[in-house]
Amino acid sequence: VQKNINAPDCYYEKSKSMENEKEKQTKTNISLYSTNTEKDYSYEVLNDGTISITGYNGGYTYGLEIPSTIDGKKVSEIGYQAFYYADIAGPVTIPNTVKTIGSKAFYYCDKISSVKIGSGVTYIDPSAFILTSNNSEYKVESTNKNYTSIDGVVFSKDKKQICFYPQNKSSNSYTIPSYVEIVGKYCFAECSTLKNISIPNSIKRLEYAAFAECIGLTEITLSTNLEVIGDYAFNYLNIENITIPSKVKEIGATAFVNARKLKNINVDANNNYYSSINGILFNKDKTTLLIYPAGKTETKYQIPNTTKIVNENAFLDVPIVSIIIPKSVEELGDWCFARTNITTITIPDTVKKIGYGICTECTELRSAIVNSSVNLPYEMFYNCTNLSKVTLNNNIEELDSRVFMNCTSLKEITLPSNLKKIIYSFIGCTNLKNVVIPSGVTYINKGSFPDTTNIDISKTKLIKLETGDY
């Protein structure tokens, strides 16, 4: 069964793909200039008799005023993806009746120039305005009890959190006010023209994707009182060095994913949770390797002998060629070496836990030696298209789904003598012509091997069932 798991990449789901861009372009080309009417909206009636807008069916519209009533019912909610890719431009006005603006409500409405938020809004999902790249200003009605706007930027009413910064704001520099304590989820995401950001020492938290894809930022100084750096906080930033302040106690595993110029993550010596060795982030006692910066130029790295855990995503998308794993290592986290340029890997017998997809899409990987007896997990070598030589510990008992999926250079493999179960493990291994199944195997499900693979079950008690399973 295919799991709904993928190696981390971007802070939002990959609907920013060419396929969806084509969908958007097609919709734009066929739409006509039209006047906004109640008939342009799809909706559902909520339990209290009010309406949640679920879709926009109108043609091209410049200057959208969302109605406060539709079919005589009050509009209280703008639902999930309600205006997803909608062909609207210019200013957007959200009426005072609306209480909730849902997830991705205006996703990819990249012609919107400003957003006016009504007095009744009590909650705006942080993803509501992702990829509204032409938006230069937010305005919140002064009587709103939950949000306020200052110079086109949305804050919580108490001003302790900065919530939404317009992606196309005219200035390329910004100073976060000194009364702010939290930079909200997605707050500055995709603000590509922002070149300078001043973060005051009042800031305690940088939430998920707070500065993701702010590609104009080349340096950043963090608050001395900062405590939390969320996942994807600096996704795709072009900074080369960063120093983790003394009070930081939580850093998301994907906080610096695809920050491809980042060479050093330094840590204040007084920090009680983190440390750094040559710009590589570890926990304080150096037993867990947390993040290897993607901008480092070394092609080979020897993991220190103090290391017991290689954290999830630790080397994700790092263009490193060789990683040597010492016998001190006991755990390899999910996707820890995924999409690197490693050519070989040897997993020592001391490793007791292996996460999902640790070598996913390592397209330069040619040989793998697994001395650990741990069962091979989901997508361990997925899309390793040059992998041709594999040596496995004989005490491995199970090969999980898609372990060797699309390893098209794999022509032969000796399976572990104590193997018991094979589950969709060799899908897409089109050059694997013959495989001998060890005597202890009790189950192989249909589709585990390509139809072109000759499966020799003569050493086993297996029989092929009508379902195609063994």
Side-chain angles (χ1 to χ4, degrees), residues 1 3 5 287-289 303 305 307-312 314 323-338 342-360 362 365-382 384 387-407 409-427 429 432 434-445 447-449 453-463 469-470:
V1 178
K3 298 176 174 66
I5 303 170
T287 57
T288 301
L289 193 163
I303 295 174
N305 290 325
T307 307
K308 293 183 179 181
I309 299 171
V310 180
N311 202 48
E312 59 179 298
I323 300 171
I324 299 172
I325 307 169
K327 280 183 169 289
S328 62
V329 172
E330 299 175 359
E331 180 177 335
L332 300 174
D334 296 347
W335 323 112
C336 62
F337 305 120
I342 57 173
T343 58
T344 64
I345 189 168
T346 299
I347 298 174
D349 57 7
T350 55
V351 173
K352 305 303 180 187
K353 183 177 180 180
I354 301 175
Y356 293 132
I358 66 165
C359 292
T360 283
C362 291
L365 185 65
R366 284 164 169 74
S367 69
I369 299 172
V370 182
N371 291 323
S372 169
S373 59
V374 175
N375 292 339
L376 301 193
Y378 176 78
E379 287 194 354
M380 183 167 176
F381 296 105
Y382 170 71
C384 294
L387 182 62
S388 60
K389 186 177 181 181
V390 176
T391 303
L392 302 176
N393 185 305
N394 278 324
N395 290 318
I396 292 170
E397 296 185 353
E398 185 173 321
L399 305 181
D400 200 355
S401 175
R402 296 156 61 119
V403 170
F404 294 101
M405 183 174 178
N406 295 340
C407 292
S409 295
L410 193 63
K411 296 181 180 180
E412 59 182 8
I413 188 169
T414 300
L415 297 176
S417 57
N418 290 312
L419 191 65
K420 292 181 171 57
K421 189 179 291 187
I422 302 172
I423 308 170
Y424 295 115
S425 306
F426 295 91
I427 299 169
C429 296
L432 185 62
N434 298 284
V435 64
V436 177
I437 306 300
S439 60
V441 172
T442 58
Y443 179 72
I444 305 172
N445 67 341
S448 290
F449 295 91
T453 301
N454 176 48
I455 303 171
D456 182 354
I457 60 171
S458 61
K459 295 182 179 181
T460 74
K461 296 180 180 180
L462 295 170
I463 58 171
D469 296 343
Y470 291 88

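All values reported here derive from a predicted model rather than from experimental measurement.
Of all non-hydrogen atoms in Gly355 and Asp334, the two that sit nearest each other are CA-OD1, 3.1 Å. Nearest heavy-atom pair, Asp469 versus Tyr443, reported as atom, atom and distance to 0.1 Å: OD2-OH, 3.6 Å. Across Asp400 and Val403, no two heavy atoms sit closer than the pair O-CG2, 2.9 Å. The two residues Leu410 and Ser388 have their closest heavy-atom pair at CD1-O, 3.8 Å. In terms of heavy-atom proximity, Cys359 sits nearest to Cys384 at O-SG, 3.0 Å. The nearest pair of heavy atoms linking Thr346 to Ile325 is O-CD1, 3.7 Å.
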(message) Evaluate Ile323 against Ile303 for side chain to side chain contact (heavy atoms under 4.5 Å, CB included), listing each step before the verdict.
(response) CA-CA 7 Å; Ile323 300 171; Ile303 295 174; 3.8 Å; yes
(message) Pair Leu415, Ile422 - check side chain to side chain contact (heavy atoms under 4.5 Å, CB included), show working.
(response) CA-CA 10 Å; Leu415 297 176; Ile422 302 172; 4.0 Å; yes
(request) Test side chain to side chain contact (heavy atoms under 4.5 Å, CB included) on Ile347 and Val374 and set out the steps. (result) CA-CA 10 Å; Ile347 298 174; Val374 175; over 6 Å; no
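Expressed to the nearest 0.5 Å, how far CG of Asp456 lies from CD1 of Ile437 amounts to 8.0 Å. Note: Arg366 CZ to Thr344 OG1 = 10.5 Å, rounded to the nearest 0.5 Å. Note that the CG atom of Asn394 and the OG1 atom of Thr414 stand 9.0 Å from one another [nearest 0.5 Å]. One finds the OH atom of Tyr382 at 10.0 Å from the CD1 atom of Ile427 (value rounded to the nearest 0.5 Å). Rounded to the nearest 0.5 angstrom, Lys421 NZ and Ser448 OG are separated by 11.0 Å. One distance of note links CD1 of Ile345 with CG of Leu332; it measures 7.0 Å at 0.5 Å rounding.
One finds a salt bridge joining Glu379 and Arg402 here, because a Lys/Arg side-chain nitrogen approaches an Asp/Glu carboxylate oxygen to under 4.0 Å.
Partners of Lys327 according to the side-chain contact (heavy atoms from CB on, under 4.5 Å) rule, which considers only residues two or more places apart in sequence or in another chain, are Pro348, Asp349, Thr350. Among residues two or more places apart in sequence or in another chain, the side-chain contact (heavy atoms from CB on, under 4.5 Å) test is passed with Ser373 by Asn393, Asn395. For Lys420, the salt bridge (charged side-chain N to carboxylate O under 4.0 Å, His left out) partners two or more places apart in sequence, or in a different chain, are Glu397. Applying the side-chain contact (heavy atoms from CB on, under 4.5 Å) rule to Ser439 yields the partners Lys459; only residues at least two apart in sequence or on another chain are considered. Taking Phe426 as the reference, Phe404, Phe449 meet the ring pair (Phe, Tyr, Trp, His ring centres under 6.0 Å) condition, with sequence neighbours excluded.
Test Val435, Thr391, Val436, Asn434 against Ile413 for side-chain contact (heavy atoms from CB on, under 4.5 Å) and you get one pass: Val435.
Contact annotation: the side chain of Val441 never approaches that of Tyr470 to less than 4.5 Å [non-hydrogen atoms, C-beta and beyond]. Contact annotation: the side chain of Leu399 approaches that of Leu419 to within less than 4.5 Å [non-hydrogen atoms, C-beta and beyond].
Looking only at distances, a side-chain donor or acceptor of Ser328 sits under 3.5 Å from a matching main-chain atom of Thr307. Looking at Thr453, its side chain does come within 3.5 Å of a backbone N or O of Leu432 through a donor-acceptor pair.
Sequence neighbours left out, not one pair with a member in residues 434-445 passes salt bridge (Lys or Arg N to Asp or Glu O under 4.0 Å).
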